Amino acid sequence: MGVKGLQSFITNACPGVCIVVNLKDLAENHRSRFPRTVPTIVVDAMCCLRRWYTPESWVCGGQWREYLSNLEAFINAFKAAGIRLVFYFDGMVEQKKRNEWVRRRLNNNKKIAKIFQFIKTYQQQPGRGMFFIPSGLATFTHHALKALGQEVISSLKEADYEVASYGLRNNCMGILGEDTDYLIYDTSPYFSISSLRLDRLETVMFSRQDFCSRLGLHVTDLPLFACFLGTDIVPEKTMERFRNQCLASYHAQSQGSNKSTAIILAVANFVSLIPHSYNSLTEKLPLGTDKLVLCRGIESYLLPGQQSPWLPCDFSHASEGPLQQDVPLCLDQEILQIAQDRHVRSEVSHSIYCVLCHGEDEGSNTLEDESDTELPGQALIYRPARQHIYYVLLESVKDVHGECPLVKEWFVYAGNSLQHPDLVQPKQLPGGTPSLRTLWLSRGAEADQQRRCTFLACFQLQDVAEELQALDASLAAACSLLLYIILQADSFSLEDLTAFIAQTLCLEGKSATQLANVQLSQIDSRAVQLGSLFIRGLATLVMANSACGFPFKMEDLMPWYLFDGNLFQEKYQQIHGKCPLHELLEGNESWIAKFQSLMSIIRNACSAKGRIIQSRRRDNRFMTERRERGGHPHFQNPNRIQSQSYHQNRGGHWRSPQPPAYWAESQSSGSGYAFEHQPRRERGFRLAPRWPR
């Protein structure tokens, strides 16, 4: 992100470039100069996620209500100063930056492996120095900000370019982020999110003019200077030979500087001495320099209406050779325009427009332990659902054999080198697939029914429509997701299911402060993975909801209504400690009734598909002994489950001889479960039978 080594150089060698400013004072000055405008800061949200997520617990899957509260405090601080915020998110990865995207994801895999090694060694969360953002943080921050009344935009290309363009075009008072590219673009002033003191609205402004003065450069020289150092488009190694030549000739003037500082000064000196023309530049470059890549890098920093003296007069995208096919997969212009508008307004999953336009989808890293083979990779667990969603999106472009185009998936999972995309075949839904025009444009009760049924069919759950119809919308979403996971992951146990249902029910009515005060004596590595798996599933529900024309309100799929990492860890450990159901559900009779209802729905649905949910209790014996001795809590083996004897029933399924206590408590006498449907609610998810074939 940004220019290689530049942030450190500015901080350590250019003190005059970093100016502490008060944003409230700058807003007053902006109002005085432009009395008919509202002072606006455009925010690079992807740069800010790490700063916004301040809850102490981060490894358990996310403290979502705490996070939502933090975002509200952030917004209110600027609102009190009369400053308008516009939030930008990356909407897609451009092909020219795919290699850099891959490099970062592979590097993240190494960081995640260290996190799990720490958890399994100490049964504790690592310190903030190993912080990794919870799964889905970017996805759900879109919706959180919109719910808080903010303007949120998803980019149609790399977000930093659109942020810089927006700032210039709208005369913004500044850009808030953490990316040195904002110093290279000739745009609004660049403010640091990492230096922001929210209580005083003070931060550091990086002065572009002072930076140029320090290096002896013009503002129009900065894109060339950046490309020589290394950017996302011009890899650092591409210009390594050139930088070494600059350093050799500049060495006499760089006494006392460390190597990285000397290289930056040497490159700046080289640029400052060349006459401002492309021909003069090419004469000075070493033989074998890829001039086309260099020109592309320079051009990527030019905002609309800007030109560079370092590019040939006839340079344009047309001279770059064949590019990715620009013709979208979806040829229905009305549908494509709706998809683009919803994408830009951040109303839908970013995958929708990417699939319709480019036939491409992607999924970044999440907290999962590659050494734990019990659970399949999260990206692979949700692939069958994505294949159905792709079919919904691409149904109109089937070939003569009824097959949709393959979708290129860039998803991170164990063993995937990301050297090439996975080519994934969209799959027809059971019972047929309605057209996207029907799902998106039709109105009325029948269209609503089709949207709901199509959503469930994406997860192979169309047969439980009637059982879900009386549930509150959020509970219906949680139940659907848990059913899907159970049917996809054989190792998903009765204890796992009970923990999820218990935490979802107990989340009701709890404040962010109450959830922050949940104290955990240890962290379980499997529960960490399960938390990420659930949040990743919610993001898949959002994708399906977007594709199917919003059978759910988006708010019903948000994690702050359905999941809390600390609470889930607590319930998970209580279950493995043989906690009675009444205590697990905090003595709330209403929650116990709902628990029985949800368990009955899930058990019956699984039984109909031949899936018996087994008990797989984890061995807490040594952890308890060590805690009693005052040592660190520790599992004998974090990946080991307690050995149980199983017998085979007539249907060929393996079943434990005695169900756990909390399962037995939820059973009535005789076969089946005792439960009563909760009364229908206004926000309930109304379901209907499948449409005819």
Side-chain angles (χ1 to χ4, degrees), residues 53 55-68 115-116 119 123-125 132-137 140 366-369 372 374-375 378 381 474-475 477-479 481-486 489 491-512 514-539 541 557-577 579 581 583-586 588 591 594-595 598-599 602 616-618 620 633 635 638 662:
Y53 190 89
E56 182 178 344
S57 176
W58 51 269
V59 81
C60 297
Q63 302 305 109
W64 293 97
R65 289 192 181 172
E66 288 182 68
Y67 181 61
L68 191 64
I115 291 171
F116 275 99
I119 294 171
Q123 280 71 55
Q124 298 294 325
Q125 175 179 278
F132 197 87
I133 64 173
S135 298
L137 193 66
F140 295 113
T366 184
L367 285 179
E368 56 183 331
D369 184 6
D372 182 358
E374 276 192 7
L375 282 170
Q378 294 176 19
I381 285 177
S474 291
L475 276 183
C479 190
L481 178 55
L482 291 173
L483 260 172
Y484 177 83
I485 295 172
I486 292 167
S491 66
F492 195 84
S493 69
L494 182 57
E495 287 79 10
D496 300 336
L497 172 61
T498 305
F500 274 118
I501 295 178
Q503 76 86 34
T504 299
L505 294 174
C506 294
L507 189 58
E508 182 182 331
K510 284 187 169 56
S511 68
Q514 287 175 306
L515 294 168
N517 289 332
V518 173
Q519 299 296 315
L520 300 172
S521 59
Q522 68 273 326
I523 301 295
D524 184 280
S525 63
R526 179 178 170 85
V528 168
Q529 290 201 86
L530 291 173
S532 292
L533 175 66
F534 187 83
I535 294 298
R536 185 108 176 212
L538 289 182
L541 294 186
L557 306 177
M558 295 299 111
W560 39 91
Y561 295 129
L562 293 169
F563 183 82
D564 180 87
N566 277 357
L567 189 60
F568 175 69
Q569 279 275 344
E570 180 183 68
K571 299 304 175 185
Y572 187 86
Q573 293 173 27
Q574 285 177 342
I575 289 162
H576 287 282
C579 175
L581 181 64
E583 182 181 334
L584 182 70
L585 295 174
E586 301 173 11
N588 188 306
W591 293 345
K594 289 180 181 179
F595 178 89
L598 293 172
M599 275 291 192
I602 291 172
R616 296 161 65 89
R617 191 182 299 279
R618 289 167 75 78
N620 290 347
F635 288 114
Y662 52 83

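Bear in mind that the values here come from a model prediction, so they are computed numbers and not experimental data.
Under the 30°/60° scheme for interplanar angles, the aromatic rings of F500 and F492 are found to lie parallel.
Atoms OG and CD, on S511 and E66 in that order, are 9.5 Å from each other to the nearest 0.5 Å. With rounding to the nearest 0.5 Å, the separation of CG in L494 from CD1 in I486 is 9.0 Å. Going from atom CD of Q378 over to atom CZ of R536 covers 6.0 Å, rounded to the nearest 0.5 Å. Interatomic distance, CG of L533 versus CD1 of I485, reported as 4.0 Å (0.5 Å rounding). Within the model, atoms CZ of F595 and CG of L581 stand 5.0 Å from one another, a figure rounded to the nearest 0.5 Å. Taking NZ of K510 as the start and CD of Q503 as the end, the distance is 10.0 Å to the nearest 0.5 Å.
Taking the side chain to side chain donor-acceptor pair (under 3.5 Å) definition, one finds that S493 meets it with E495, D496, sequence neighbours left out. Applying the side chain to side chain contact (heavy atoms under 4.5 Å, CB included) test to A502 and every residue at least two apart in sequence or in another chain returns K571, L584, L585.
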Problem set entry | Verdict with supporting geometry, R65 and D564, side chain to side chain contact (heavy atoms under 4.5 Å, CB included) | CA-CA 8 Å; R65 289 192 181 172; D564 180 87; 5.6 Å; no
For this session: Report the C-alpha separation of W64 and L562 in whole Å, then their side-chain angles, then the decisive distance to 0.1 Å, and conclude whether the side chain to side chain contact (heavy atoms under 4.5 Å, CB included) test is met.
Result: CA-CA 9 Å; W64 293 97; L562 293 169; over 6 Å; no
Problem set entry | Test log, rule side chain to side chain contact (heavy atoms under 4.5 Å, CB included), inputs Y572 and L530 | CA-CA 10 Å; Y572 187 86; L530 291 173; 3.8 Å; yes
For this session: Please test I115 against W58 for side chain to side chain contact (heavy atoms under 4.5 Å, CB included), starting from the C-alpha separation and ending with a verdict.
Result: CA-CA 11 Å; I115 291 171; W58 51 269; 4.1 Å; yes
Problem set entry | CA sep, side-chain torsions, deciding dist, call: D524, Q123, side chain to side chain donor-acceptor pair (under 3.5 Å) | CA-CA 6 Å; D524 184 280; Q123 280 71 55; over 6 Å; no
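Judged purely by atom type and a 3.5 angstrom limit, Y484 uses its side chain to pair as donor or acceptor with the backbone of I381. Side-chain N or O atoms of R526 include none that pairs as donor or acceptor with a backbone N or O of R618 at under 3.5 Å. In this structure a side-chain-to-backbone donor-acceptor pair under 3.5 Å is present from S491 to E374. Q63 places a side-chain N or O within donor-acceptor distance of the main-chain N or O of N566, the cut-off being under 3.5 Å. Here the side chain of Q125 pairs a donor or acceptor atom with the backbone of E56 at under 3.5 angstrom. Side-chain atoms of S532 come within 3.5 Å of backbone N or O of L367 as a donor-acceptor pair. A donor-acceptor contact shorter than 3.5 Å links the side chain of Q529 to the backbone of D369. In this structure, R617 contributes its side chain and I575 its backbone to a donor-acceptor pair below 3.5 Å.
A pairwise comparison of heavy atoms in A478 and T504 identifies CB-CG2, 4.4 Å as the closest pair. Contact between G509 and Q514 at its shortest, heavy atoms only, is O-OE1, 3.8 Å. Here the shortest heavy-atom pairing between F568 and G531 reads CE2-N, 4.2 Å. Considering every non-hydrogen atom in both C60 and I523, the closest pair reads SG-CD1, 3.7 Å. Closest approach of L481 to G537, counting heavy atoms only: CD1-CA, 3.6 Å. Taking each heavy atom of L507 and P559 in turn, the nearest pair found is CD2-O, 4.4 Å.
Side-chain contact check for T498 versus M599: some heavy-atom pair is nearer than 4.5 Å. The shortest distance between side-chain heavy atoms of W560 and Y67 does not fall below 4.5 Å. Residues Y53 and L137 meet the side-chain proximity criterion, which asks for heavy atoms closer than 4.5 Å. You'll find the side chain of C506 reaches within 4.5 Å of the side chain of L567, heavy atoms only.
Exactly one residue among H576, Q569, E570 makes a side chain to side chain donor-acceptor pair (under 3.5 Å) with Q573. That residue is Q569.
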